[in-house]
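Heads up, the thing below is written out as structure tokens.
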Amino acid sequence: MPVLNVCDLHKSYGDLRAVDGVSFSIEAGEIFGLLGPNGAGKSTTINIIATLLVPDRGEVRLDGIARSSSAAYKRKLGYVPQEISLAEKLTARENLMLVGRLYDLSGTALRRRVAETLDAVGLADRAGDLVKTFSGGMKRRLNIAGSLLHEPDLMLMDEPTAGVDPQARAYIFEIVERLAEGGRSILYTTHYMEEAQRLCRRTAIIDHGRILASGTLAELVAGIKAKRDLVIEAEGLSAQTTADLAAALGGVPWMMDGATAHLNIADTDHKLLDVVRAADKAGIEPTTISIHEPNLETVFLELTGRALRD
Ligand code: ADP
């Protein structure tokens, strides 16, 4: 039985449909990705599950318990908000003691959980240091520790790597993976396809409040036409020349990432020589041309016609 069942969620702000019929489910021990650009509806979805927002309609069940403000429902979930909420003038340990009391933990049980969670996020040796001396990555990790104190079944992680450097990001990945190995289920939102691809067994692609597709990478790729990611680097590459090349290759979806163009191609239709000829005709002088396996960005591009970070 799934740990989390989300069925046909809707939430509008005036005329804006922030969440427009979202459904998915998460199995025990699964890291499930919600991947979409800024404004896609990820936070709204998470905030509804966390009971911070009330949906216009739709249903959420967590371990079979219907979404409600009841303690039974809330105890099952750990919420890691996008905004870090820590008291800078307190130590890491003091911050967690405060959060733990909100969950009715006290005495030895509270001290034990604080020590365990500090250890789980690699901050045991900094327990007595003031949070204001922490790096951005350490604050993110402490934020995660706070949501773990009451041993929730499901973790809601809203862009947990926002604003951290690559090393701190890698550390957060390790923590997330260890949590899942320990049997926790995780709903992980991100607009970085690399994160979803690295961490998540299954991913739902969300845009304008709707889930466009969901599944494993292989399932998502099987559902689109493109079978390869054609990558062209060229000096002076422009949107116009890239569009011309895409048109010459049969009107394939394309996107630009700086001086690099990505085009969705079918592996059988486009031979490298055809690509070189078409590029030449479009006035592109490639410095490199390479053909890669499709990734989640390829899927997003085909489903929306846009890049994830447009
Ligand atoms: P994401 O987390 O994917 O970036 P959000 O769920 O935060 O997306 O937002 C979805 C859409 O709803 C966006 O267009 C956003 O501007 C809008 N939105 C979010 N919160 C509010 C609000 N309180 N009032 C009005 N519009 C909102």
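Note that ligands are numbered from 1 as they come in the structure, with each ligand's atoms numbered from 1 the same way. One is the number of the first residue; the rest follow in order along the sequence.
You'll find the ring centres of Tyr188 and Phe32 outside the 6.0 Å limit.
At a 3.5 angstrom cut-off on N or O pairs, Ala18 does not count as close to ligand 1. Of the polar atoms of Ser43, at least one N or O is found under 3.5 Å from an N or O of ligand 1, judged by distance alone. When only interatomic distances are considered, the shortest N/O to N/O separation between Thr44 and ligand 1 falls below 3.5 Å. Between Ala40 and ligand 1, an N or O atom pair is found at a separation short of 3.5 Å. The shortest N/O to N/O separation between Lys42 and ligand 1 falls below 3.5 Å.
Residue Val80 is not grouped with residue Leu34 when hydrophobic side chains (ILVMFWY) are merged at heavy-atom distances under 4.5 angstrom, including chains of intermediate members. Leu142 and Met97 fall within the same hydrophobic cluster, where Ile, Leu, Val, Met, Phe, Trp and Tyr residues are linked whenever their side-chain heavy atoms come under 4.5 Å apart, directly or through other members. Hydrophobic clustering (side-chain heavy atoms under 4.5 Å, transitive across Ile, Leu, Val, Met, Phe, Trp, Tyr) keeps Val3 apart from Leu179. Neither Ile186 nor Ile49 shares a network with the other; the hydrophobic side chains, linked directly or stepwise wherever heavy atoms of I, L, V, M, F, W or Y lie under 4.5 Å apart, form separate groups for each.
Contact annotation: for Leu16 versus ligand 1, heavy atoms closer than 4.0 Å belong to the side chain alone.
Note that atom 16 (O) of ligand 1 has no protein non-hydrogen atoms nearby, at separations under 4.0 angstrom.
Within the cation-pi definition used here (under 6.0 Å to the ring centroid, within 45° of the axis), Arg75 does not qualify as a partner of Tyr103. Taking the centre and axis of the six-membered ring of Tyr192, the NZ or CZ atom of Arg169 falls inside the cone set by 45° and 6.0 Å.
Annotation for ligand 1: atoms under 4.0 Å from non-hydrogen atoms of Asn38 are 4 (O). Short contacts between ligand 1 and Pro37, defined as distances under 4.0 Å to a heavy atom of the residue, involve ligand atoms 3 (O).
Of the protein's non-hydrogen atoms, the one nearest atom 19 (C) of ligand 1 is Tyr13 CE1, 3.5 Å. Nearest protein neighbour of atom 8 (O) of ligand 1, counting heavy atoms only, is Gly41 N, 3.1 Å.
By heavy-atom distance, the residue among Gly209, Gly39, Ser12 lying nearest atom 1 (P) of ligand 1 is Gly39.
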**OP:** Take Arg198 and Glu177 through the salt bridge (Lys or Arg N to Asp or Glu O under 4.0 Å) test and state the conclusion after the steps.
**Re:** CA-CA 10 Å; Arg198 149 85 198 263; Glu177 281 169 340; 2.9 Å; yes
